[in-house]
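Here the structure is laid out as structure tokens; the discussion comes afterwards.
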Amino acid sequence: MNKQQLEKVKSVVRNIPDFPVPGIQFKDLTTAFKDPEALQIMTDAMADLYRDKGVTRVVGIEARGFIGGAILATRLGAGFVPLRKPGKLPAEVIQKSYTKEYGTDTIEIHKDAITPDDIVVIHDDLLATGGTMLAAYELVKSMNPKKVYINFICDLADLHGRDVFPPDVEVTSLFTF
Ligand code: AMP
């Protein structure tokens, strides 16, 4: 990964204080997605991380994880699987509830979306406490794929979200706040 280029991406992420609730410093990545150069840098950096790993499915977490997840899947020649809020997926699902930086939530995935032959990257835009991704990881793991990787565009160092994952899981993030 080219650190200098990723610093450029970081510099165009917009900070919104007190959104969606007081006390949260919300990292608005839409300002990085809309910047053609930043979008290209992020895409290249994600693809570089997983290029030789035989990835067959990228799982994107609703909603902001759909953007980078779909882009990454395309670059890797993998399929894309949405992980969604309850009641949105039309076929049979499995689900998991979890706590996040602000509030609690539930995520669902189609039962037939992942098979034991799959090598999976789970992608979300941002790692805060890690609650969302840990739930996603446990849900995907319960489907017994060959391997599961975890990827974020960025992470919030102060919240130590990386500590919630088992030590043997490879967790990557392009840059840190
Ligand atoms: P967590 O489960 O605490 O790691 O929260 C991660 C999820 O919530 C991601 O899907 C993020 O999009 C969103 N999120 C949490 N905190 C923030 C923040 N400070 N800025 C932007 N997104 C956030």
Any donor-acceptor N/O pair, T56 side chain to I119 backbone, under 3.5 Å: yes
Linking I/L/V/M/F/W/Y whenever their side-chain heavy atoms sit closer than 4.5 Å, directly or via other members, would Y149 and V169 fall into one cluster? no
Counting only heavy atoms from other residues, nucleotides and ligands, does the tally under 6.0 Å from CG of D52 exceed 12? no
From the options I114, I122, V93, I109, select the one residue that forms a side-chain contact (heavy atoms from CB on, under 4.5 Å) with L139. I109
Rounding to 0.5 Å, atoms CD (E108) and NZ (K85) come to a distance of 12.0 Å
In terms of relative ring orientation, are F66 and F80 parallel, tilted or perpendicular, with 30° and 60° separating the classes? perpendicular
Would you find a donor on one side and an acceptor on the other, under 3.5 Å apart, between the side chain of K10 and the backbone of T176? yes
Under 3.5 Å: donor-acceptor pair, side chain of D125, backbone of G65: no
With rounding to the nearest 0.5 Å, note down the distance linking CZ in F152 to CG in L174. 11.0 Å
Look only at the side chain of D28 and the backbone of T30, and say whether a donor-acceptor pair between them is shorter than 3.5 Å. yes
Shortest non-hydrogen contact between A32 and V13, atoms and distance: CB-CG2, 4.2 Å
NZ/K111: more than 12 non-hydrogen atoms of other groups inside 6.0 Å: no
What is the minimum heavy-atom distance between S173 and I153, and which atoms define it? OG-O, 3.8 Å
Between M133 and F165, is any pair of side-chain heavy atoms under 4.5 Å apart? yes
When L49, T172, V148, N151 are each screened for side-chain contact (heavy atoms from CB on, under 4.5 Å) with V121, the one that passes is N151
Spacing of I67 atom CD1 and H123 atom NE2 [to the nearest 0.5 Å]: 8.0 Å
Determine, using the 4.5 Å side-chain heavy-atom cutoff (strictly less than), whether F175 and L72 are members of one ILVMFWY cluster. yes
What are the two closest heavy atoms between G130 and V164, and how far apart are they? O-CG2, 3.9 Å
Value rounded to 0.5 Å, distance of CD1 in I16 from CD in Q25: 10.0 Å
Judged by atom type as modelled, is there a donor-acceptor pair below 3.5 Å linking the side chain of T31 to the main-chain atoms of R14? yes
Electrostatic pair E62-K88, nearest N-O below 4.0 angstrom: no
Group every Ile, Leu, Val, Met, Phe, Trp and Tyr by side-chain heavy-atom contacts under 4.5 Å, then state whether Y137 and V55 land in the same group. no
Quick check against the 3.5 Å criterion: does R162 have a side-chain atom that pairs as donor or acceptor with the backbone of V171? yes
Check: R75 and D44 side chains under 4.5 Å, non-hydrogen atoms: yes
Which atoms form the tightest heavy-atom contact between T132 and D124, and what is the distance? CG2-OD2, 4.2 Å
M42 and I71: side chain to side chain contact (heavy atoms under 4.5 Å, CB included), yes or no, with the steps? CA-CA 10 Å; M42 290 188 282; I71 290 170; over 6 Å; no
Scanning both residues in full, the closest heavy-atom pair of G23 with D18 reads N-OD1, 2.7 Å
